[in-house]
2 protein chains.
Amino acid sequence: MVKFVDVDNMARWIQREGVEKIITGMVSYLEKDYSEWERFDLIPRVASHTPFGVIELMPTSNGEEYSFKYVNGHPSNPARGFQTVTAYGMLADVDNGYPTFLAEMTLLTALRTAAVSSMVAKKLARPDSKTMAMIGAGSQAEFQALGFRGTLGIEDIRIYDVDPEALEKVRRNLEPLGFNITVCSTTEEAVEGADIITTCTADKAQNQILGTQHVKPGVHINAVGGDCPGKTELVEDILDMSTVFVELPEQTRIEGEIQQKPDDYEVVEFWKVITGKEKGRSSDEEITLFDSVGFAINDFSALRYLRDDVAGTELETDIDLIANPEDPKDLFSLVAEVPSLV
Amino acid sequence: MVKFVDVDNMARWIQREGVEKIITGMVSYLEKDYSEWERFDLIPRVASHTPFGVIELMPTSNGEEYSFKYVNGHPSNPARGFQTVTAYGMLADVDNGYPTFLAEMTLLTALRTAAVSSMVAKKLARPDSKTMAMIGAGSQAEFQALGFRGTLGIEDIRIYDVDPEALEKVRRNLEPLGFNITVCSTTEEAVEGADIITTCTADKAQNQILGTQHVKPGVHINAVGGDCPGKTELVEDILDMSTVFVELPEQTRIEGEIQQKPDDYEVVEFWKVITGKEKGRSSDEEITLFDSVGFAINDFSALRYLRDDVAGTELETDIDLIANPEDPKDLFSLVAEVPSLV
């Protein structure tokens with residue numbers, strides 16, 4: 001039997017444990033896996049692009065466990081009442097190839113994306129950071145805010161979105177949790193005095209959500225939304241003003257903000273900051289930029305954190321996904337007609 | 001909700017409908033999809049190789065529906081009580097990227113592999129074929145036999161395997177179904193008088209299951225077992241004696257019998273035989289060879305056949321895999337703590 005966490009149990013887990021606590025725990029799994037980066041099978045995700053959106057498979061393995069995630073990205077979905085991003089994923093045992101754990105990952109991806117942003121900002125944002133500007137008030141916004149509060153203590157959020165209802169939603173969700181939310185009517189207003197700028201918009205186009213005039217010395221830019229070919233958020237010149245940190249360079253060059261740049265554009269692989277092979281922020285004036293696209297190891301860490309945390313609780317159920325004949329060479333025995341029983 | 005067919009319901013479906021009927025129905029779906037080959041996203045499968053075996057993801061799409069299969073191949077599994085191959089798979093709606101159907105595919109893959117072999121042999125084997133030699137008596141053997149009876153009327157099976165218990169298993173499973181089974185003690189004996197030779201062994205090595213001395217004019221070779229890098233079954237010279245038909249050339253050159261040959265080795269894409277762009281067998285003396293490795297479209301056809309056949313019956317259940325907040329931009333609403341309910 002494969003262990004399974006469905007949407008209801010995932011929601012129950014998050015409600016019970018709390019978003020901040022989960023993200024903080026997930027960050028510790030991520031840091032461990034990033035510190036062992038070279039053990040992993042580094043496969044860029046496999047994307048199937050259509051006029052409507054993209055469907056991706058994101059596999060990886062550390063030689064002991066294998067994981068993959070199914071995830072779609074359809075920018076026009078919300079207007080039709082669907083999520084932009086839905087996902088589910090699985091763990092398997094590399095030794096015998098059997099799946100071991102299946103989970104919804106729409107919610108889990110929201111948590112892990114915020115956890116990765118938080119892990120990176122912990123290393124790259126100025127330690128005295130107090131205020132985060134957020135451009136984009138979609139599904140990811142609350143998770144980012146809670147992740148940054150859990151890991152960096154950020155409580156002041158200045159947020160802007162083209163959709164006033166989405167802004168109101170964020171205020172409604174976050175103010176009761178103790179955040180100071182400033183709803184802004186322009187990007188200029190949002191970035192005023194911000195130590196961290198998070199961009200997280202969903203339009204599938206080369207946009208200029210953030211211009212050079214919005215970026216002051218010492219800021220950390222957490223660029224989340226530009227994550228597939230033809231979809232960017234930053235004016236190209238911002239890249240040249242910043243030190244750019246990435247997950248897997250060969251994937252980010254196709255999908256991230258640096259798709260605007262030549263293939264040899266200089267970037268720092270973030271896992272090397274974790275292991276100490278590369279330095280993170282070098283001064284209070286440096287502009288650091290995390291060109292986040294989402295790599296399979298992030299999901300590997302998130303799935304394992306979930307699996308370990310719900311193990312033995314009623315939040316996991318069994319799902320009958322693996323045919324298991326008594327004689328492994330006699331698969332047919334499972335389907336042979338048995339006249340005596342008819 | 002995603003529709004789901006678990007192992008029990010899959011077995012129930014196969015017992016109820018019968019292997020032959022399902023394979024015959026599946027062949028019609030395969031023929032239709034192969035005739036529309038150029039509509040498909042032709043992505044070679046993504047393999048993660050380890051010392052123990054391989055884990056693969058096999059995605060494809062026809063622009064309307066998307067499918068993928070998770071499948072492992074671990075040759076040493078049966079000795080430890082596990083299946084060599086287990087699998088499961090999924091369909092999704094390309095329009096919004098939402099998964100629609102999930103199913104166990106260990107049993108379904110056994111059916112679809114036999115269905116593909118049968119579809120190809122219908123076009124390539126001599127129409128007067130009566131006898132099939134089978135080298136390999138593992139999990140796939142009974143499905144191949146039933147597929148060939150359903151589509152070509154084959155009832156005489158001459159079978160050889162190094163494992164006498166596996167041979168006895170095939171006899172025990174197939175004789176009650178009306179087959180004439182001749183258990184042989186060598187490959188020479190098995191191929192005697194055979195019109196079709198099916199090789200389906202599981203060892204992950206470059207083997208020589210079949211030599212040139214075993215191949216007589218007019219035979220159709222259904223080479224199923226050589227399906228990943230370093231795993232072949234045929235002596236290389238057999239390829240030169242035959243016209244070689246393949247699924248997706250760029251995948252077969254890596255995984256199939258033709259991995260023994262240069263990258264420009266001449267092959268016929270089988271889908272072109274279905275559409276009439278290429279001819280199949282050209283004479284009663286020609287040796288035809290299907291270098292089967294298994295391509296994603298096969299699983300696309302099999303999953304859709306299953307989905308359509310069980311629709312509305314008690315064989316499908318619902319699985320809660322897609323988070324679905326009322327406001328698609330308010331994913332957080334699913335996990336927000338609700339103080340009034342605590």
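Residue numbering restarts at 1 for every chain, and letters A, B, ... go by the order of the sequence lines.
- Proximity to chain A involves both the backbone and the side chain of B/Asp320, based on heavy atoms less than 4.5 angstrom apart.
- The nearest pair of heavy atoms linking B/Ala323 to A/Val7 is N-CG2, 3.5 Å.
- Both the backbone and the side chain of B/Ser48 come within contact range of chain A, with heavy atoms under 4.5 Å apart.
- Using a 4.5 Å cut-off between heavy atoms, B/Ala110 contacts chain A through its side chain alone, with no backbone atom that close.
- Per-residue heavy-atom pair counts under 4.5 Å with chain B were compared for A/Glu165, A/Met10, A/Met90, A/Arg12, and the maximum is reached by A/Met90.
- Side chains of A/Asp41 and B/His49 form no contact here, defined as non-hydrogen atoms less than 4.5 Å apart.
- Taking the centre of each ring, A/Phe4 and B/Phe4 stay at or above the 6.0 Å mark.
- When every heavy atom of A/Lys169 is checked against every heavy atom of B/Lys329, the shortest pair comes out as NZ-O, 2.6 Å.
- Considering every non-hydrogen atom in both A/Gln83 and B/Pro328, the closest pair reads NE2-O, 2.7 Å.
- The greatest number of non-hydrogen atom pairs below 4.5 Å with chain B, out of A/Pro176, A/Ala103, A/Pro99, A/Ala166, is found for A/Pro99.
- Neither the backbone nor the side chain of B/Ala141 comes within contact range of chain A, judged by heavy atoms closer than 4.5 Å.
- Counting heavy-atom pairs closer than 4.5 Å to chain B, the top residue among A/Thr106, A/Ile322, A/Val94, A/Asp163 is A/Val94.
- Between A/Ala11 and B/Val335, the closest heavy-atom pair is CA-CG1, 4.1 Å.
- Minimum heavy-atom separation, A/His74 to B/Asp95: CD2-O, 3.2 Å.
- Smallest separation of non-hydrogen atoms from B/Phe68 and A/Phe68: CZ-CZ, 3.3 Å.
- Of all the listed residues (A/Asn173, A/Val46, A/Asp327), the one sharing the greatest number of non-hydrogen pairs under 4.5 Å with chain B is A/Asn173.
- Only the side chain of B/Arg80 comes within contact range of chain A, with at least one heavy atom under 4.5 Å from a heavy atom of that chain.
- For B/Asn72 (side chain) and A/Asn96 (main-chain N/O), a donor-acceptor pair under 3.5 Å exists by modelled atom type.
- Interface residue B/Tyr88: only side-chain heavy atoms are found under 4.5 Å from chain A.
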